[in-house]
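The figures that follow rest on heavy atoms only: side chains count, while hydrogens, waters and symmetry mates do not.
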Amino acid sequence: MPSNKSVSDAPITQFKNCYILKDHRLQREDLWVREGKILNPEKLFFDEKGFADVQIDCEGSIVAPGFIDTQINGGYGFDFSSASANVKLGVSSVAKRLLSTGVTSFCPTLITSPPSVYHQVIPQIEVQEGGASGAGVLGLHLEGPFISREKKGAHPEDHLRTFGKRGFQDMLDTFGSLDNAVIVTLAPELHRSAEVIEELVSRGIRVSLGHSVADLSQAEAAVSHGTTFITHLFNAMLPFHHRDPGIVGLLTSDRIPANRRVFYGMIADGIHTNPAALRIAYRAHPRGLVLVTDAIMAMGLPSGRHTLGQQDIVIEGLHAYVAGTRTLSGSIATMDMCVRHLRQAAGCSVEEALEAASLHPAQLLGIEDRKGTLDYGSDADLVLLDEQLNVRATYIAGELVWEGRGPAGRPTRPCCNAEK
């Protein structure tokens with residue numbers, strides 16, 4: 001029998017009887033994995049004379065890249081913006097629970113907080129690879145405090161800030177460190193925002209426009225300085241107007257540099273955005289849509305009173321409000337719910353819905369060479385789904401980290417029956 005041992009002693013896993021998302025379409029192909037990476041079967045067969053050590057019968061499942069959530073404030077009783085000795089425990093607990101939703105990587109998000117909270121929390125949230133212990137942490141999303149008072153949403157007004165004479169240094173002093181930050185949301189109309197945007201971009205940090213009253217020209221200027229993202233489109237920004245569409249106008253602006261793509265986050269939970277608005281955004285700029293949950297600590301918890309950063313919030317069904325108001329304060333939807341809602345509300349293809357939760361966020365973060373695709377050489381972070389896009393199993397680096405249960409609560413292993 002031919003052997004692949006001359007190349008690597010690591011076992012090869014073959015996912016068979018599946019539809020894999022590759023080159024923007026579902027294809028009936030097998031998927032091959034070794035040492036946590038996706039293999040090119042032609043090289044395996046013809047160059048290495050290799051074979052599968054383990055076969056996994058997916059029984060007709062869809063195999064897609066693992067989901068990536070670039071805006072999540074907490075969940076399952078943990079709030080990332082809460083200064084406590086349990087920050088690491090909170091992140092790891094949420095990371096573990098996210099596996100059941102198909103999320104294999106995420107960006108813990110901190111909302112507007114006092115500097116003392118940032119200085120305590122930020123150093124405790126480190127970039128880390130995913131695995132059996134939970135989804136990987138790609139870095140922090142710092143949403144605020146350099147945002148508009150008029151569009152603060154659920155952010156506490158007492159802790160909002162502007163840029164003083166020192167510009168970027170004011171931001172650095174506020175956060176204490178940007179070492180683990182990958183996204184910063186700010187309002188581009190703030191004085192000295194242009195130089196701040198340029199400095200953030202020079203450090204490899206993505207800048208997102210949000211919680212803002214910027215008009216279209218201000219938004220376009222921010223893009224010219226390096227901005228590439230919009231935080232939860234439609235929410236916490238000026239409404240679309242035909243004479244000045246504001247930040248929303250970036251979706252069809254003719255002043256975006258030819259080599260630049262502007263991405264936009266959408267909370268597709270059926271509450272934050274009307275399905276008609278979701279369809280408008282999708283049809284105007286489908287390649288820029290990035291699904292985000294904007295989930296808060298109440299995700300996965302029953303209705304009642306909870307906290308978000310420095311404020312109390314009340315959960316009523318699928319709505320989360322700032323206590324005593326009707327101001328939405330984030331979502332309690334999971335990423336797989338958002339994928340299903342986008343598919344239904346926008347009328348898009350299954351492939352497009354899945355890519356909005358995988359490929360597009362990877363492209364936004366500049367990690368599409370290893371995440372967000374099933375291309376050869378990519379990380380074997382996978383989510384297996386049924387035809388209704390319910391999560392059946394989640395894999396990180398080719399290893400099973402979560403699997404669903406049947407109607408009676410017994411493990412059915414519909415897509416995880418290993419054959420040797």
Side-chain angles (χ1 to χ4, degrees), residues 69-84 87 90 94 107-118 120-121 140-162 174 183-187 190 208-214 230-239 246-247 265-274 277-278 292-334 337-338 341:
D69 195 349
T70 60
Q71 186 178 3
I72 173 171
N73 310 286
Y76 312 104
F78 294 95
D79 178 10
F80 300 146
S81 299
S82 176
S84 71
V87 174
V94 172
C107 299
T109 303
L110 305 186
I111 68 164
T112 295
S113 303
S116 59
V117 171
Y118 290 125
Q120 181 176 346
V121 173
L140 286 164
H141 180 166
L142 302 174
E143 184 188 3
F146 298 92
I147 57 176
S148 164
R149 292 182 181 275
E150 292 88 341
K151 292 296 180 181
K152 65 182 184 299
H155 291 237
E157 185 171 354
D158 291 347
H159 301 306
L160 298 182
R161 302 176 73 89
T162 57
T174 298
I183 303 174
V184 171
T185 292
L186 56 77
L190 295 181
S208 186
L209 308 184
H211 290 277
S212 167
V213 293
I230 303 171
T231 296
H232 43 54
L233 187 75
F234 296 121
N235 297 115
M237 60 185 61
L238 291 178
I247 292 176
M266 293 290 293
I267 311 170
D269 61 355
I271 295 169
H272 280 76
T273 306
N274 185 280
L278 180 58
V292 299
T293 62
D294 198 21
I296 59 175
M297 68 167 295
M299 179 179 67
L301 299 182
S303 296
R305 197 179 186 95
H306 305 282
T307 61
L308 174 64
Q310 315 306 306
Q311 300 191 103
D312 290 337
I313 57 98
V314 176
I315 301 300
E316 298 178 8
L318 294 177
H319 295 75
Y321 300 110
V322 175
T325 76
R326 304 308 282 179
T327 300
L328 289 172
S329 62
S331 166
I332 57 176
T334 58
M337 291 170 58
C338 292
H341 181 71

A.B. asks: Residues two or more places apart in sequence or in another chain: which of them pass side chain to side chain donor-acceptor pair (under 3.5 Å) with T174?
C.D. replies: R161
A.B. asks: Roughly how far apart are I313 CD1 and N73 CG, rounded to 0.5 Å?
C.D. replies: 10.5 Å
A.B. asks: Of all residues at least two apart in sequence or in a different chain, which pass the ring-ring contact (aromatic ring centres under 6.0 Å, His included) check with H159?
C.D. replies: none
A.B. asks: Is there a donor-acceptor pair under 3.5 Å between the side chain of S82 and the backbone N or O of D79?
C.D. replies: no
A.B. asks: With sequence neighbours excluded, tell me which residues meet side chain to side chain contact (heavy atoms under 4.5 Å, CB included) with T162.
C.D. replies: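 Residues passing side chain to side chain contact (heavy atoms under 4.5 Å, CB included) with T162: L190.
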A.B. asks: Distance-only criterion, 3.5 Å: show the donor-acceptor pairs between side-chain atoms of residues 297-304 and protein atoms not counting sequence neighbours.
C.D. replies:
from: S303; atom 1: OG; to: G317; atom 2: N; distance (Å): 3.4

A.B. asks: Show your working on side-chain contact (heavy atoms from CB on, under 4.5 Å) between V314 and H306 and close with a plain yes or no.
C.D. replies: CA-CA 6 Å; V314 176; H306 305 282; over 6 Å; no
A.B. asks: Nearest 0.5 Å, what's the CD1-OG distance between I267 and S331?
C.D. replies: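 Nearest 0.5 Å value for the CD1-OG distance: 6.5 Å.
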A.B. asks: Tell me the closest heavy-atom pair linking T112 and I147, and the distance in Å.
C.D. replies: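 Nearest pair, atom of T112 first, then I147: OG1-CD1, 3.8 Å.
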A.B. asks: Indicate whether the side chain of E143 and that of H232 have a donor and an acceptor atom separated by less than 3.5 Å.
C.D. replies: yes
A.B. asks: Do the ring centers of H272 and H319 come within less than 6.0 Å of each other?
C.D. replies: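 No, they do not, as the ring centres are separated by 6.0 Å or more.
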A.B. asks: Could you go step by step and tell me if I183 and L142 meet the side-chain contact (heavy atoms from CB on, under 4.5 Å) rule?
C.D. replies: CA-CA 6 Å; I183 303 174; L142 302 174; over 6 Å; no
A.B. asks: With sequence neighbours excluded, what pairs up with F234 under the ring-ring contact (aromatic ring centres under 6.0 Å, His included) test?
C.D. replies: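 By the ring-ring contact (aromatic ring centres under 6.0 Å, His included) rule, F234 matches no residue at all.
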A.B. asks: If I compare all heavy atoms of A187 with all of S148, which pair ends up nearest, and what's the gap?
C.D. replies: CB-N, 3.8 Å
A.B. asks: Once salt bridge (Lys or Arg N to Asp or Glu O under 4.0 Å) is applied, what residue pairs with a partner in residues 294-308 remain, sequence neighbours excluded?
C.D. replies: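 Checked against salt bridge (Lys or Arg N to Asp or Glu O under 4.0 Å) - neighbours excluded - the pairs reaching residues 294-308 are R305-D312.
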A.B. asks: Search all heavy atoms of L110 against all heavy atoms of Y118 and return the closest pair with its distance.
C.D. replies: CD1-CD2, 4.1 Å
A.B. asks: Does any non-hydrogen side-chain atom of H211 lie less than 4.5 Å from one of H155?
C.D. replies: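 Yes, side chains in contact.
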A.B. asks: Mind checking whether I296 and I315 have side chains closer than 4.5 Å, heavy atoms only?
C.D. replies: yes
A.B. asks: Closest heavy-atom contact between G74 and V94?
C.D. replies: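 For G74 and V94, the tightest heavy-atom pair comes out as C-CG2, 4.4 Å.
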A.B. asks: Could you note down all residue pairs passing salt bridge (Lys or Arg N to Asp or Glu O under 4.0 Å) where residues 313-326 supplies at least one of them, sequence neighbours left out?
C.D. replies: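 Every salt bridge (Lys or Arg N to Asp or Glu O under 4.0 Å) pair that includes a residue of residues 313-326, provided the two are not neighbours, is E316-R326.
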A.B. asks: Please determine, by modelled atom types, if T185 and H141 share a side-chain donor-acceptor pair under 3.5 angstrom.
C.D. replies: yes
A.B. asks: Quick check: do I72 and V292 have side-chain heavy atoms less than 4.5 Å from each other?
C.D. replies: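 No, side chains not in contact.
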A.B. asks: Can you name the residues that form a ring-ring contact (aromatic ring centres under 6.0 Å, His included) with F78, not counting sequence neighbours?
C.D. replies: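 Once residues adjacent in sequence are excluded, F78 has no partner under the ring-ring contact (aromatic ring centres under 6.0 Å, His included) criterion.
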A.B. asks: Please name the pair of heavy atoms, one in I247 and one in I230, separated by the smallest distance, quoted to 0.1 Å.
C.D. replies: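 For I247 and I230, the tightest heavy-atom pair comes out as CG2-CG2, 3.7 Å.
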A.B. asks: Just jot down the side chain to side chain donor-acceptor pair (under 3.5 Å) partners of S208, sequence neighbours excluded, or say none.
C.D. replies: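 Counting only residues at least two positions away or on another chain, S208 forms a side chain to side chain donor-acceptor pair (under 3.5 Å) with T231.
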A.B. asks: Go through the structure and list residues passing side chain to side chain donor-acceptor pair (under 3.5 Å) with T109, not counting sequence neighbours.
C.D. replies: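 Listed in chain order: nothing, the list is empty.
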A.B. asks: Could you pull out all residues at least two apart from F146 that satisfy ring-ring contact (aromatic ring centres under 6.0 Å, His included)?
C.D. replies: F163
A.B. asks: Does the pair M266 and L278 meet the rule for a side-chain contact (heavy atoms from CB on, under 4.5 Å), with working shown?
C.D. replies: CA-CA 8 Å; M266 293 290 293; L278 180 58; 3.3 Å; yes
A.B. asks: At what distance, to the nearest 0.5 angstrom, does OG1 of T273 lie from CG of L233?
C.D. replies: 7.5 Å
A.B. asks: Can you name the nearest heavy-atom pair linking T334 to T293, along with the distance?
C.D. replies: C-CG2, 3.8 Å
A.B. asks: To the nearest 0.5 Å, what is the distance between CZ (F80) and SG (C107)?
C.D. replies: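 Interatomic distance, F80 CZ to C107 SG, rounded to 0.5 Å: 10.5 Å.
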A.B. asks: Please list, chain by chain and in numerical order, all residues satisfying salt bridge (Lys or Arg N to Asp or Glu O under 4.0 Å) with K152, sequence neighbours excluded.
C.D. replies: E157
